[in-house]
Amino acid sequence: MINIEKFEFNMLPVNTYVLYDQSKKAAIIDPGCYTQSEKERLKQFIESNNLIPERLLNTHLHFDHIFGNPFVKKSYGLQIEANDGDQNWLNSIHERVKLFGLTYNETMPPIGRILNEGDIVTFGNTELSVLHIPGHSPGSLLFYSEKNGVLFTGDVLFKESIGRSDFPDGNEVALIEGIKSKLFSLPNDTIVFPGHGPSTTIGHEKKYNLYLR
């Protein structure tokens with residue numbers, strides 16, 4: 001059985017997830033912690049539950065989802081696991097942050113393990129299957145546990161919405177096609193945990209998501 005703790009971090013705000021099972025081994029998905037207090041909240045939860053983080057997973061490399069990568073890497077010795085299709089976003093994080101009127105002075109670690117469609121990520125007694133659906137970003141990944149009926153979609157799929165595709169490297173056609181072909185074949189009761197906003201289910205999105213009619 002998987003346990004899921006959700007945090008909302010930074011000004012956008014991003015959903016950061018801590019996943020763990022009875023082994024106390026854990027995975028952190030999209031650490032968006034920006035302020036020191038946000039970093040302390042994440043650390044306090046991990047320590048108070050005696051968790052042992054084993055994976056640092058990025059659904060994609062837009063800056064709001066990776067603010068906390070240096071902190072998590074330094075605190076727990078973890079490598080960044082992501083798809084290298086978003087390498088340009090990683091390389092230009094400081095320039096992109098400035099465009100939003102923000103400051104970010106930390107050195108962003110490189111990708112340590114490149115994840116692709118079909119890869120399996122394990123921690124403790126848990127397995128996550130990796131899906132790749134470009135369109136919001138070239139390297140957008142999703143993490144699926146068939147056993148637990150949960151799917152972490154990053155900014156690919158939201159409750160009754162989809163990720164924006166108006167960035168220069170976005171592709172709305174690819175995004176919609178990927179969702180319909182890869183996600184709508186999953187069980188209707190699969191719980192969707194997105195990168196922003198509330199959770200939903202695959203069945204709900206089939207019925208109510210106007211972008212996917």
Side-chain angles (χ1 to χ4, degrees), residues 9-10 12-17 19 27-34 54-73 78-100 104 106-123 127-145 150-158 161-184 186 192-197 211-212:
F9 287 144
N10 74 58
L12 288 180
V14 161
N15 293 337
T16 294
Y17 298 100
L19 285 51
I28 302 169
I29 299 179
D30 288 351
C33 38
Y34 180 76
E54 288 192 333
R55 295 280 185 257
L56 196 180
L57 307 174
N58 286 135
T59 59
H60 62 299
L61 299 176
H62 288 170
F63 62 76
D64 50 327
H65 291 255
I66 64 173
F67 278 138
N69 277 7
F71 172 74
V72 171
K73 183 179 189 299
L78 303 181
Q79 63 180 347
I80 283 73
E81 302 185 50
N83 184 270
D84 59 351
D86 288 348
Q87 186 66 53
N88 286 338
W89 286 87
L90 194 65
N91 295 343
S92 61
I93 180 172
H94 296 97
E95 292 79 3
R96 294 179 188 271
V97 165
K98 287 179 182 178
L99 293 176
F100 281 75
Y104 186 78
E106 298 188 59
T107 300
M108 185 58 60
I111 300 172
R113 178 191 176 193
I114 296 172
L115 296 176
N116 294 293
E117 174 100 17
D119 287 343
I120 302 294
V121 173
T122 62
F123 60 95
E127 287 189 354
L128 300 175
S129 300
V130 178
L131 301 172
H132 177 218
I133 298 180
H136 173 68
S137 77
S140 285
L141 300 177
L142 303 86
F143 301 100
Y144 174 55
S145 171
V150 295
L151 174 69
F152 299 88
T153 59
D155 288 2
V156 169
L157 179 66
F158 304 121
S161 187
I162 60 174
R164 58 184 293 186
S165 57
D166 58 342
F167 297 113
D169 55 5
N171 187 321
E172 183 178 20
V173 173
L175 179 61
I176 292 173
E177 172 58 29
I179 293 171
K180 289 182 175 179
S181 65
K182 296 182 181 181
L183 304 188
F184 279 9
L186 300 179
V192 173
F193 292 93
H196 303 271
Y211 295 91
L212 301 168

Novice: Filter on side-chain hydrogen bond (donor to acceptor under 3.5 Å, both in side chains), then keep only pairs touching residues 167-181, sequence neighbours left out; what's left?
Specialist: W89-D169

Novice: Taking H65 for the side chain and P31 for the main chain, is one N or O donor matched with an acceptor at less than 3.5 Å?
Specialist: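 Checked: no pair found.
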
Novice: For I120 and S129, run side chain to side chain contact (heavy atoms under 4.5 Å, CB included): C-alpha distance rounded to whole Å, both residues' side-chain angles, the deciding distance at 0.1 Å, then the answer.
Specialist: CA-CA 5 Å; I120 302 294; S129 300; 3.6 Å; yes

Novice: Could you give the distance from CG (N58) to CG (D86), rounded to the nearest 0.5 Å?
Specialist: 9.0 Å

Novice: Rounded to the nearest 0.5 Å, what separation is found between the CD1 atom of I111 and the CD1 atom of I80?
Specialist: 9.0 Å

Novice: Side chain to side chain contact (heavy atoms under 4.5 Å, CB included), that's the test. Do I133 and L183 meet it? Break it down for me.
Specialist: CA-CA 10 Å; I133 298 180; L183 304 188; 3.9 Å; yes

Novice: Does NZ belonging to K73 count more than 12 external heavy atoms closer than 6.0 Å?
Specialist: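 No, not enclosed.
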
Novice: Measure the shortest side-chain to side-chain distance between F193 and N15 over non-hydrogen atoms and say whether it is less than 4.5 angstrom.
Specialist: no

Novice: Quick one: salt bridge (charged side-chain N to carboxylate O under 4.0 Å, His left out) partners of E54, sequence neighbours excluded?
Specialist: K25

Novice: Around atom CZ of F100, are there more than 12 heavy atoms from other residues, nucleotides or ligands closer than 6.0 Å?
Specialist: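 12 or below, so no.
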
Novice: Distance check, rounded to the nearest 0.5 Å: D30 atom CG versus T59 atom OG1?
Specialist: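 With rounding to 0.5 Å, CG (D30) is 3.5 Å from OG1 (T59).
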
Novice: Where is the tightest heavy-atom contact between L186 and K182, given as atom of each residue plus distance?
Specialist: CG-O, 3.8 Å

Novice: Can you tell me if D64 uses its side chain to pair, donor with acceptor, with the backbone of V14 under 3.5 Å?
Specialist: no

Novice: Return the set of residues passing side chain to side chain contact (heavy atoms under 4.5 Å, CB included) with Y104 (not counting sequence neighbours), or none when no residue passes.
Specialist: Y34, F67, P70, I93, H94, V97, E106, M108

Novice: Let's go through L57 and L115 carefully: what are the C-alpha distance in whole Å and the side-chain angles of both, what is the deciding distance for side chain to side chain contact (heavy atoms under 4.5 Å, CB included) to 0.1 Å, and is it a yes or a no?
Specialist: CA-CA 9 Å; L57 307 174; L115 296 176; 4.2 Å; yes

Novice: Distance check, rounded to the nearest 0.5 Å: H60 atom NE2 versus D155 atom CG?
Specialist: 3.5 Å

Novice: Working to the nearest 0.5 Å, report the span between CG of L90 and CG of L61.
Specialist: 5.5 Å

Novice: Looking only at heavy atoms, what is the nearest atom pair of G85 and N83, with distance?
Specialist: N-OD1, 2.7 Å

Novice: Heavy atoms only: give me the nearest V156-S140 pair and the separation to one decimal.
Specialist: CG2-CB, 3.9 Å

Novice: I'd like to know whether I29 forms a side chain to side chain contact (heavy atoms under 4.5 Å, CB included) with R55, so could you lay out the CA-CA distance, the side-chain angles of the two residues, the decisive distance to 0.1 Å, and finally the verdict.
Specialist: CA-CA 8 Å; I29 299 179; R55 295 280 185 257; over 6 Å; no

Novice: Shortest non-hydrogen contact from V121 to E81?
Specialist: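 Where V121 meets E81 most closely, the heavy atoms are CG2-OE1, 4.4 Å.
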
Novice: First locate atom CZ of F143, then atom CG of L151, and finally report the distance between them rounded to the nearest 0.5 Å.
Specialist: 10.5 Å

Novice: If you compare all heavy atoms of Y17 against all heavy atoms of L19, which two are closest, and at what distance to 0.1 Å?
Specialist: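 Shortest heavy-atom separation between Y17 and L19 comes out as CB-CD1, 3.6 Å.
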
Novice: Restricting to non-hydrogen atoms, name the atom on H136 and the atom on R164 that form the minimum distance, rounded to 0.1 Å.
Specialist: ND1-O, 2.8 Å

